[in-house]
Amino acid sequence: MNANSDAAQHKRLVEQGYDQIAHDYARLETNNEWPRIRWLYKLLERLPPGSSVLDLGCGSGDPADIEIAQNHQITGVDISQTQIELARQNVPHGTFIHADAGAVDFPAASFDAVVSFYTIEHLPREEHASLLQRIQQWIKPNGFFLLSIEAGEYEGMVGEWLNVPMFISCFDPETMKGMVIAAGFNILETKIETQMEADNEVPFLWMLAQKR
Ligand SMILES: C[S@@+](CC[C@H](N)C(=O)[O-])C[C@H]1O[C@@H](n2cnc3c(N)ncnc32)[C@H](O)[C@@H]1O
């Protein structure tokens with residue numbers, strides 16, 4: 001089996017997994033507020049009303065896209081059809097696309113900002129540098145990129161998560177920061193924050209960056 005068919009198999013696993021666990025995933029945050037909205041506000045305070053924002057791995061759109069859509073145009077992309085259907089219900093004025101973030105494409109300078117929360121670690125890390133470069137192209141000059149990704153180092157592994165097999169793959173945080181800079185961004189703020197997923201503590205790397 002070659003790397004491409006491995007990647008396709010892992011993406012199918014992630015897609016089928018989130019189709020099954022969309023509701024269980026949403027419940028993970030109950031009683032444990034994650035830092036997502038706090039970081040989102042750091043971005044939103046920099047955006048004029050009516051800005052266009054892309055959310056890669058938008059999930060159900062709750063809570064981030066609901067918040068973004070209050071003052072901006074939101075486009076969400078997710079590999080899970082179930083998540084996309086939930087997002088369309090939760091954010092009726094948004095545009096939601098069922099697609100792989102690693103394959104979807106947009107014209108250059110389409111968005112004032114791109115956000116991606118807890119998602120890029122589900123794509124093979126061999127795709128991360130090219131995805132960051134494509135994101136940079138989609139953002140308008142001086143636009144923003146807000147990212148969270150698990151603060152670990154995984155070559156690519158399948159583990160059980162919420163009772164389904166789930167694929168995870170990422171570089172260590174310092175390498176990831178270097179890749180964001182190499183893709184053409186200045187990092188404005190970054191931090192590793194640990195959050196609770198039910199009873200588990202999970203560290204995530206957060207980055208607010210601006211296109212150079
Ligand atoms: C942990 S959830 C995060 C959802 C949402 N961003 C949030 O803040 O709660 C990861 C999401 O990424 C999506 N995803 C995983 N791999 C993807 C890919 N290759 N392309 C697009 N979406 C993907 C999953 O379907 C899932 O909805």
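Positions are given from 1 along the sequence. All ligand and atom numbering here is 1-based and tracks the order in the structure. Keep in mind that this is a model prediction, so the values were computed, not measured.
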Taking 4.0 Å as the limit for heavy-atom contacts, which would you say applies to [X] with ligand 1: side chain only, backbone only, both, or neither?
| X | value |
| --- | --- |
| E15 | neither |
| I79 | both |
| S116 | neither |

Parallel, tilted or perpendicular, as decided by the 30° and 60° cut-offs, for the rings of W34 and Y25: tilted
Considering only NZ, NE, NH1 and NH2 on the basic side and carboxylate oxygens on the acidic side, decide whether E67 and R36 come within less than 4.0 Å.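 R36 and E67: not salt-bridged.
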Side chains of [X] and [Y]: closer than 4.5 Å at any heavy-atom pair?
| X | Y | answer |
| --- | --- | --- |
| I139 | F185 | yes |
| F117 | L40 | yes |
| W206 | E189 | no |

For residues [X] and [Y], is any side-chain donor paired with an opposing acceptor at under 3.5 Å?
| X | Y | result |
| --- | --- | --- |
| Q81 | E85 | yes |
| E193 | W39 | yes |
| Q195 | Y118 | yes |

Given F117, Y118, F167, identify the one with the heavy atom nearest to atom 10 (C) of ligand 1. Y118
Ligand-residue contact atoms, ligand 1 with [X], heavy atoms, under 4.0 Å:
| X | answer |
| --- | --- |
| S80 | 25 (O) |
| T119 | 10 (C), 11 (C), 12 (O), 14 (N), 23 (C) |
| A99 | 20 (N), 21 (C) |
| V14 | 15 (C), 16 (N) |

What do you reckon, does C58 put a non-hydrogen atom under 4.0 Å from ligand 1? yes
Taking the non-hydrogen atoms of W34, is any one of them nearer than 4.0 angstrom to ligand 1? no
Nearest neighbour in protein (non-hydrogen) for [atom]:
| atom | result |
| --- | --- |
| atom 19 (N) of ligand 1 | D100 OD1, 2.8 Å |
| atom 9 (O) of ligand 1 | Y25 OH, 2.7 Å |
| atom 25 (O) of ligand 1 | D78 OD1, 2.6 Å |
| atom 6 (N) of ligand 1 | G57 O, 2.7 Å |
| atom 20 (N) of ligand 1 | A101 N, 2.7 Å |

For the side chain of R88 and the backbone of T95, is there at least one donor-acceptor N/O pair under 3.5 Å apart?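 No, because the side chain of R88 does not come within donor-acceptor range (under 3.5 Å) of the backbone of T95.
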Are W138 and F111 close enough that their ring centers fall under 6.0 Å?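 They do not qualify: ring centres at least 6.0 Å apart.
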